[in-house]
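Just so it is clear, the structure is predicted and the values come from calculations on it, not from any experiment. Letters go in sequence order (proteins before strands), and every chain restarts at 1.
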Number of protein chains: 2
Amino acid sequence: MLTDSATLAIVDDHPIVLEGLQRLLSNVKGITISGCFTTGTAFMSFLKENKVDVLLLDITLPDVNGIDLCKEVKSLSPDTHVLALSNHAERSMILQMIQHGATGYLLKNISSEELIACIREALSGMITFSKGAREIMARPSVTELKGIPQLTRREKEILHLISDGKTTPDIAAQLNLSPLTVETHRKNLIQKFQVKNMAALIKIAAQQGLI
Amino acid sequence: MLTDSATLAIVDDHPIVLEGLQRLLSNVKGITISGCFTTGTAFMSFLKENKVDVLLLDITLPDVNGIDLCKEVKSLSPDTHVLALSNHAERSMILQMIQHGATGYLLKNISSEELIACIREALSGMITFSKGAREIMARPSVTELKGIPQLTRREKEILHLISDGKTTPDIAAQLNLSPLTVETHRKNLIQKFQVKNMAALIKIAAQQGLI
DNA sequence: TTATTTCTACCTGTTTTCAGGTATTTTTGC
DNA sequence: GCAAAAATACCTGAAAACAGGTAGAAATAA
């Protein structure tokens, strides 16, 4: 039994989703659900004692964020295949998860057949994506093409203040800087994001969860 | 049977959620699931032929937005109790749904017991919220205190263009308007949102999902 | 058919932002 | 300790945004 049935665990803070996944997967040959968890910490302590072949992982959890959890899982148990299961339909998010060791990325609007197929693919050691996720990967949007620019501490700080409606003189006064310095940071931000003005930048930053 | 068992329909584009809800509610006394739909239009055509006592409605659907659908449902069938079921944990969203006729608002991290209790409450004609939703309602955040201002079609259009980095002259040219007119809309937007400038406005708009 | 909202357009003047640089001093990482 | 990155600061001029109005036409709702 151990040889031909894979163990699967689910981490999701939504009982409804947990129920749905259990129902969908309970009668699938070759897959045994060994645990369902609503928090990352609960799963991690389970993982210390049990072997898990596949983990279906919701990225947005109450206690830890999915990317960090994925990293932890992979360092504790490198053979566990982590399948991110999420509503986040952003390219950057998918890339980040893969970068941190996830074996695949499934959008929550996945169909049951697709879900099972993806789990099988993951078990055989392949990277796998749901249909929706593949589509997103296929068409890098203009804003996401460059990825999220790396911002310095000061730049983030100033971006926040700008998004709160503060003007350059305001910010300079608040941070005890020359207005000219603030202007320089502003310019660098616009350059880094490759946008025309702050309005466009703040939209992207907000959508990317930066502010 | 018609007198003591309430009919319930579910609209959600996530098969997993649909499965979970069906499973959770299938054996509940007094509730009969009469239909599950993944699109708003599919449900609307069902509603024209069938009586639905309670609708569990996911706000984010592929074809129509939940607020509009809720309005449609209530105007076609005022006796249907609409329970919004969503991941949107924003006060403004909850208020908007209630304003448009919803009987309650449930966050998707709701427990099964809570879900059933809420459906029962809705059936008895009461407004109902999940625990999480009640918490959000309890603490109005600073930005959300004023609610989302009602924007006109033109204002939304111009707000979008601004958030794409377009300047007033750009927008005027694109919409065949006087730049002065665009400026007026701009001013009205800033007044409606009670902010100092567009940077602050766009942050709020993005966070509220307006852009 | 009113009344109200929305859309349109105008005016004046000030403030802020943006584009195009250059350049020194701190930090930080190796 | 040295190189690279980050933070600081400066300059000029043009373009855009904002503040504070007013006001007529058009569309919508009551």
I want to check something: taking the side chain as every heavy atom from C-beta on, are [X] and [Y] in contact at a cut-off of under 4.5 Å?
X: B:T152; Y: B:K192; result: yes
X: B:L201; Y: B:L189; result: yes
X: A:T60; Y: A:H88; result: yes

Could you state the atom-to-atom distance from [atom1] of [X] to [atom2] of [N] in whole Å?
X: A:N188; N: D:dA5; atom1: CG; atom2: C1'; result: 12 Å
X: A:L189; N: D:dA6; atom1: CG; atom2: C1'; result: 13 Å
X: A:N176; N: D:dA7; atom1: CG; atom2: P; result: 17 Å
X: A:L151; N: D:dA6; atom1: CG; atom2: P; result: 10 Å
X: A:L175; N: D:dA7; atom1: CG; atom2: P; result: 12 Å
X: A:I158; N: D:dT8; atom1: CD1; atom2: C1'; result: 10 Å

In a table with atom names and distances, give each donor-acceptor pair under 3.5 Å that connects a side chain of residues 177-185 of chain A to protein atoms at least two apart or in another chain.
{"residue": "A:S178", "atom": "OG", "partner": "A:L180", "partner atom": "N", "Å": "3.0"}
{"residue": "A:E183", "atom": "OE2", "partner": "A:T168", "partner atom": "OG1", "Å": "2.9"}
{"residue": "A:T184", "atom": "OG1", "partner": "A:L180", "partner atom": "O", "Å": "2.9"}

Side chain to side chain contact (heavy atoms under 4.5 Å, CB included), paired with A:C36, selected from A:L18, A:L21, A:D12 =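 Only match with A:C36 under side chain to side chain contact (heavy atoms under 4.5 Å, CB included): A:L18.
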request  = Scan B:L83, B:I119, B:V52, B:V28 and name whichever one has a side chain to side chain contact (heavy atoms under 4.5 Å, CB included) with B:L8.
outcome  = B:I119
inquiry  = Parallel, tilted or perpendicular: which one describes the rings of A:F43 and A:F37, with boundaries at 30° and 60°?
reply    =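 Because their plane-to-plane angle is over 60°, the rings of A:F43 and A:F37 count as perpendicular.
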key: Position toward the 5' end of DNA chain C (nearest nucleotide), B:P179 or B:T152   = B:T152
key: Range on DNA chain C touched by chain A - first to last nucleotide, heavy-atom distance under 4.0 Å   = C:dT16 to C:dG21
task = If a protein heavy atom is under 4.0 Å from the base, mark B; if only from the sugar-phosphate, S; if neither, -; do that for nucleotides 13-30 of chain D going 5' to 3'.
result = ---SSBSBB---------
query = Could you go step by step and tell me if B:T7 and B:N50 meet the side-chain contact (heavy atoms from CB on, under 4.5 Å) rule?
reply = CA-CA 9 Å; B:T7 54; B:N50 303 79; over 6 Å; no
